[in-house]
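None of the values given here were measured: they were computed from a predicted structure. To find a chain, count down the sequence lines: A is the first, B the second, and so on, and within it residues start at 1. Values below: every heavy atom of this structure, side chains too, minus hydrogens, waters and symmetry copies.
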Amino acid sequence: MSATTSRMPSEIRVRIAPSPTGDPHVGTAYIALFNYVFAKKHGGKFLLRIEDTDQTRSTLDSEAAILRALHWIGLTWDEGPDVGGPYGPYRQSERTDHYRSAAVDLIARGAAYPCFCTPERLESLKAAQRAAKQPPGYDRRCRSLDSAEAQARRASEPHTVRLAMPREGVTRFVDELRGDVEFSNATIDDQVLLKSDGFPTYHLANVVDDHLMKISHVIRAEEWISSTPKHVQLYRAFGWEAPLWVHMPLLRNADKSKISKRKNPVSLDYYRDSGFLPEALLNFLGNLGFSIGDNREKFTVAEMVAGFDWKKVSLGGPVFDLAKLTDLNGQYIRELSVEELLNRLHSWRLSDEYLRRVLPLEHQRIERLDQLIPATSFFFSGDLDHRPVLGELVPQGRDGASTAKVLADLVEALDNVRPWDKQAIEPVCRNFADSIGWKTKELFMAIRVAVTARTAAPPLFDTLEVVGKELCRRRLRSAAEMLRTATP
RNA sequence: GACCCCAUCGUCUAGCAGGCCUAGGACACCGGCCUUUCACGUCGGCGACACGGGUUCAAAUCCCGUUGGGGUCGCCA
């Protein structure tokens, strides 16, 4: 790809900035990998920053899960919330003073303004624009407020702070992978920078922190391209030098849309629990949008670092192909010595720790030791084959199509269960049965069959807890899919 | 819809300072070999430069357009 190479800052500092609002995402690992590799290539620093400015959705559990998953995959950061560093804190919720004073500064510079519009007004504005087939966007009503008046209201009224985007001209920036990108300012909205709860939006926080943390290159996903001009304007307003921009292609589903959990397993926990080796996953990710050259597809992160160059990055959005990942994973497994394989198995699910969770559930149900392994196979499996139990999946008097719908909806209902334990799972399932008018007995058997591929298994919620969230959800989804496509 | 990005086999990709390309590799798929079976391994097959204009002696490679795909348009990131 043609790379318009810009100046190379003396110290390379890059970051991965996940938002702790869900499960550890494979896209986070993908972007982290390229940040990491680029940093190591140039002897720079790779940092981890938690972007928890969404108070309603951020959780500590999610943050912990993300750090655990990133550690599992083997990427290590030089600075971050868990390891500290000279530019901390590395959690945005602990840096709110910076954003507030930055917002005040921006207002003083005339680059931002307080906005007193209510969410209700914004909503009706949007509705009106939609009805009139106008492009959506804030109408800038508060931008023309008398500044003394605005100043006075600011003290007493709830408000946001918006970016005063220039009304004319263009904003351009250089993307290291694509060259010049240009947006005409008139098409860019006056983004909210500071929410009414006093927390910053991504746009403000990311610019302020990247500057304060001396980030040299912002390497992020392509979906950010359209908001980059806002960031460029912010750097300009602050009088700061902007970092270099690199937008990586977006990982895709088989249908080419942006990778999503409805169409693909996206949680790193799924890959871990399904028996993928972290180095194989990383290697696979390294083959998406990047080619090391010389027809080599199997390479370590160290080799990727050695051979890395932005010129080797391609821009077509790569489809995440599980079959190819599986093949690569097989190559890694075959290369292991038996001793190493044993160790891998131990750190996977053949551990005393995991066995201690499984055994209590099966203990009273076996009469000979040899029955254990066959009876518990679904605790040690990734995807299950539901074909033999397709008939058992559908409760008496229900049909395949509606059962498929029920299971698919249940997957969504289970999405926000965190932590994943039986106390949390059970009420969600009971309420769900209630909400769809199914007897719990009907729903629970369907879940049991979907998750274990059998009709007899240990108590349902214990089973779900031990199998794990991602595997449960994947199996429910695939059972639903199988029912949906099965021709009765 | 507006704006922006992208475009080689079904998928991941090499090639893109134009000729070495009758387009290479890998996954998947199909077939042979190896083998008591399966897997591995190995050999072979199938299979792509989206389309149309230019530029050039010569274009997958450069330019323009069309088409297609994607992203964004939130007090989410």
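- Distances were taken from every side-chain heavy atom of Lys258(A) (C-beta onward) to each of rC6(B), rC12(B), rG71(B); the shortest belongs to rG71(B).
- The Leu122(A) side chain lies nearest to rC75(B) when the options are rC5(B), rG71(B), rC75(B).
- Relative to the side chain of Asn295(A), the nucleotides rC3(B), rC75(B), rG25(B) differ in distance, and rG25(B) lies closest.
- Side chain Gln191(A) to base rG74(B): no donor-acceptor pair is found below 3.5 Å.
- Here Lys324(A) does not reach the OP1 or OP2 of rG25(B): none of its side-chain N or O atoms lies under 4.0 Å away.
- Distance from the side chain of Pro136(A) is smallest for rG1(B) among the nucleotides rA77(B), rG1(B), rU13(B).
- Each of rU72(B), rC75(B), rA28(B) was ranked by its minimum atom distance to the side chain of Lys195(A); first place goes to rC75(B).
- Between Phe284(A) and the options Tyr30(A), Phe320(A), Phe276(A), a ring pair (Phe, Tyr, Trp, His ring centres under 6.0 Å) holds for only Phe320(A).
- Side-chain proximity of Pro119(A) to rC75(B), rC12(B), rA14(B): nearest is rC75(B).
- Shortest non-hydrogen contact noted between Ile333(A) and Leu277(A) is CG1-CD2, 3.6 Å.
- Between rC12(B), rG71(B), rC75(B), one nucleotide has an atom nearer to the side chain of Ser226(A) than all others, and that is rG71(B).
- Across all strands shown, the partner of rA7(B) is rU67(B), judged by Watson-Crick or G-U wobble contacts whose two distances both fall under 3.5 Å.
- Dashed line: the shortest gap from a side-chain N or O of Arg296(A) to OP1 or OP2 of rU13(B) is not under 4.0 Å.
- For Ser196(A) against rC75(B), a side-chain-to-base donor-acceptor contact under 3.5 Å is present.
- Residue contacts shown for Phe183(A) are limited to sugar-phosphate atoms, with no base heavy atom under 4.0 Å away.
- Two rings, from His217(A) and Phe38(A), have their centers less than 6.0 Å apart.
- Checking rG69(B), rC4(B), rC75(B) against the side-chain heavy atoms of Arg252(A) singles out rG69(B) as nearest.
- Exactly one residue among Phe173(A), Tyr202(A), Trp245(A) makes a ring pair (Phe, Tyr, Trp, His ring centres under 6.0 Å) with Trp224(A). That residue is Tyr202(A).
- Using a 4.0 Å cut-off, no side-chain N or O of Lys256(A) falls inside it from OP1 or OP2 of rG71(B).
- Base engagement by Glu297(A) is indicated by at least one non-hydrogen atom pair under 4.0 Å involving a base atom.
- At the heavy-atom level, Pro229(A) lies nowhere under 4.0 Å from the strands shown.
- With ring centers used as reference points, Phe199(A) lies 6.0 Å or more from Tyr99(A).
- Of the side-chain N and O atoms in Thr53(A), one or more sit less than 4.0 angstrom from OP1 or OP2 of rA77(B).
- Residue Arg334(A) places its side chain closer to rG41(B) than to any other of rC5(B), rG41(B), rG71(B).
- In this structure, Ser291(A) reaches the sugar-phosphate backbone alone: every heavy-atom distance under 4.0 Å involves primed, P, OP1 or OP2 atoms, never a base.
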